[in-house]
Amino acid sequence: MKILLTGGAGYIGSHTAVELLNKGYEIVIADNFSNSDPKVLDRIKQITNKTFVHYEVDVSDYNAFEKVFIKEKIDTVIHFAGYKAVGESVKLPMMYYENNLMATITLINLMNKYGVENCIFSSSAAVYDSSVARLLTEETPLSCTNTYGYTKLMSEQIFKDAARANPRLSIVLLRYFNPIGSHESGMIGDNPNGIPNNLLPFITRVAIGKLERLSVFGNDYDTRDGTGVRDYIHVVDLALGHIAAIDYCKEHKGAIAINLGTGKGYSVLEIVHAFEKASGRKIPYVFTARREGDVDEYYASTTLAKQVLGWEAKFGIEQMCASAWNWQKQNPDGY
Ligand code: NAD
Ligand code: UD1
């Protein structure tokens, strides 16, 4: 069975590629490397000792992307391709709408034209109104605070409409919580450009000595230690969730949204301490003002994922931190 991974050279895509190849799937990667390094392709091959085809292509470019569908007989698409930086999306909204929405629309048009029926989409907990509840179920009201979140919410709607119009489609909208960590080899990992926005890559860069100290955004939240609580999930668990979704697509039609999280929340300070324990490095930090748009605490309801995908996260926070450190230590300057 051939799986097309748009954005397959990125952080989550590369980890999913490894798990798919290990399970014997044939894969095709389509990526324009706008936020990834082509070196990742060799790393995937080294880890798995398997080979695959890749296309350097902008998936929002219909004519260019169509060549992939002409050449490859695709069974299922996993659609990772998109921009993901929340702050940048607020500054450059048109760039985000153009890339993320056009990629989704182009993909669906090509799937319809070439009879590809199954698609798994990288959505986000950013689609929830996280101010209304801490435990977020798939029924929690949806609302966004930034352009990035809206591109995910709008893409979800586009997929739902496409599935209504074409009853042969099977669409799984996976709402990721906070993916962290790396493959156990330490050969692939999260590699953001510039100063990281997200907590874990910031911590690993403090640990490696590239950044002086962590700013903890707020210590007056209504949480057990005053710092923000999130549901961190190991990227390998997340990758395995996609494989469960491929199986689900074979048996079901229509569109469904499913959370991928652990159901457990950790505070910023708990993460700092877990990372210090896993790495043996001290992480100096200071408390600073809250970051705009952040909320106290939220974590995933995992019931639906267990029920319909038969999937649940296995890795604990120690393994998440240890693997994030292993990647950073082996690749102090990224790829
Ligand atoms: P990433 O930036 O590492 O990977 C995305 C990949 O898509 C990159 O390799 C990039 O080059 C590629 N890409 C972007 N636009 C493209 C286009 N038009 N054509 C072809 N390739 C394109 O991001 P990631 O962390 O691996 O995230 C994957 C997906 O999951 C994204 O859609 C992201 O929004 C979503 N997501 C990520 C997180 C997270 O915390 N990492 C959380 C929720 C959802
Ligand atoms: C952020 C995005 C979310 C996106 C997700 C994954 C915002 C408001 N939300 O989630 O839409 O889906 O990333 O890309 O940007 N923190 C610090 N210091 C730091 C960095 C983070 O204290 O330098 C804290 C934050 O306040 C938060 C926690 O660490 O409490 C996690 O932050 P982060 O990794 O950025 O993820 P989210 O904010 O949950």
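Remember, it's 1-based here, ligands and their atoms both numbered in the order they're listed.
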Nearest-neighbour protein heavy atom for atom 26 (O) of ligand 2, which is reported as residue plus atom name and distance: Asp294 OD2, 2.6 Å
Per-atom contacts of ligand 2 with Ser124, taking only distances under 4.0 Å to non-hydrogen atoms: 12 (O)
Ring centres under 6.0 angstrom apart (His242, Phe80): yes
Distance filter under 4.0 Å to Ser215 heavy atoms, resulting ligand 2 atoms: 17 (C), 18 (N), 19 (C), 22 (O), 23 (O)
Exceeds 12 heavy-atom contacts within 6.0 angstrom, atom NZ of Lys71: no
For atom 27 (C) of ligand 2, the option (of Arg230, Arg175, Lys84) bearing the nearest heavy atom: Arg230
Heavy-atom nearest neighbour in the protein, as seen from atom 33 (P) of ligand 2, with distance rounded to 0.1 Å: Asn198 ND2, 3.5 Å
Under-4.0 Å heavy-atom contact with ligand 2, by part of Tyr148 that carries it: side chain
Ligand 2 versus Val268: contacting region, heavy-atom distance under 4.0 Å: side chain
First-shell residues of ligand 1 [heavy atom, distance under 4.0 Å]: Gly7, Ala9, Gly10, Tyr11, Ile12, Asp31, Asn32, Phe33, Ser34, Asn35, Ser36, Val57, Asp58, Val59, Phe80, Ala81, Gly82, Lys84, Asn99, Ser122, Ser123, Ser124, Tyr148, Lys152, Tyr176, Pro179
Parallel, tilted or perpendicular: rings of His54 and Phe33 (30°, 60°): perpendicular
Check: Phe121 ring centroid to Phe159 ring centroid under 6.0 Å: yes
Nearest protein heavy atom with distance in Å, relative to atom 17 (C) of ligand 2: Phe217 CD1, 3.4 Å
Parallel, tilted or perpendicular: ring planes of Trp325 versus Phe275, cut at 30 and 60 degrees: perpendicular
Ligand-side contact atoms (ligand 2) for residue partner Asn178, heavy atom cut-off under 4.0 Å: 36 (O), 37 (P), 39 (O)
Candidate with minimal heavy-atom separation from atom 28 (C) of ligand 2, of Tyr232, Phe287, Tyr128: Tyr232
Ring geometry between Tyr11 and His15 (parallel below 30°, tilted from 30 to 60°, perpendicular above 60°): perpendicular
Those atoms of ligand 2 less than 4.0 Å from some heavy atom in Tyr298: 39 (O)
Residue part near ligand 2, for Tyr266, under 4.0 Å between non-hydrogen atoms: neither
For Asn197, atoms of ligand 2 separated by under 4.0 Å from a heavy atom: 20 (C), 35 (O)
Salt bridge present between Glu138 and Arg175 (N-O < 4.0 angstrom): no
Structural part of Leu199 in contact with ligand 2, heavy atom criterion under 4.0 angstrom: both
Straight-line distance of Ile47 CD1 to Asn22 CG, nearest 0.5 Å: 8.5 Å
Which residue and heavy atom of the protein sit nearest atom 3 (C) of ligand 2, plus the separation: Val86 CG2, 3.9 Å
Numbered atoms of ligand 2 (with element) below 4.0 Å of Ala126, judged on heavy atoms: 11 (O)
Whether over 12 other heavy atoms sit under 6.0 Å from Gln46 CD: yes
Tyr11 contact mode with ligand 2 (heavy-atom cut-off under 4.0 Å): neither
Ligand 2 atoms in contact with Val216 (distance to a heavy atom under 4.0 Å): 22 (O)
Salt bridge Asp294-Arg291, side-chain N to carboxylate O under 4.0 Å: yes
Residue part near ligand 2, for Thr145, under 4.0 Å between non-hydrogen atoms: neither
Other residues, nucleotides, ligands: >12 heavy atoms within 6.0 Å of Ile195 CD1: no
Note: Arg134-Asp222 ion pair, threshold 4.0 Å (strictly below): yes
Geometric cation-pi criterion Lys45 and Phe52, 6.0 Å radius, 45° cone: yes
Nearest-neighbour protein heavy atom for atom 38 (O) of ligand 2, which is reported as residue plus atom name and distance: Arg291 NH2, 2.7 Å
Residue pair Tyr96, Tyr83: steps toward the ring-ring contact (aromatic ring centres under 6.0 Å, His included) verdict: CA-CA 6 Å; Tyr96 271 68; Tyr83 297 151; 5.4 Å; yes
Test of proximity, Glu292 against ligand 2: N or O pairs below 3.5 Å: no
Enclosure of Glu98 CD (heavy-atom neighbours >12, cutoff 6.0 Å): no
Sole candidate of Ile158, Leu110, Asn100 that passes side chain to side chain contact (heavy atoms under 4.5 Å, CB included) when paired with Ile105: Ile158
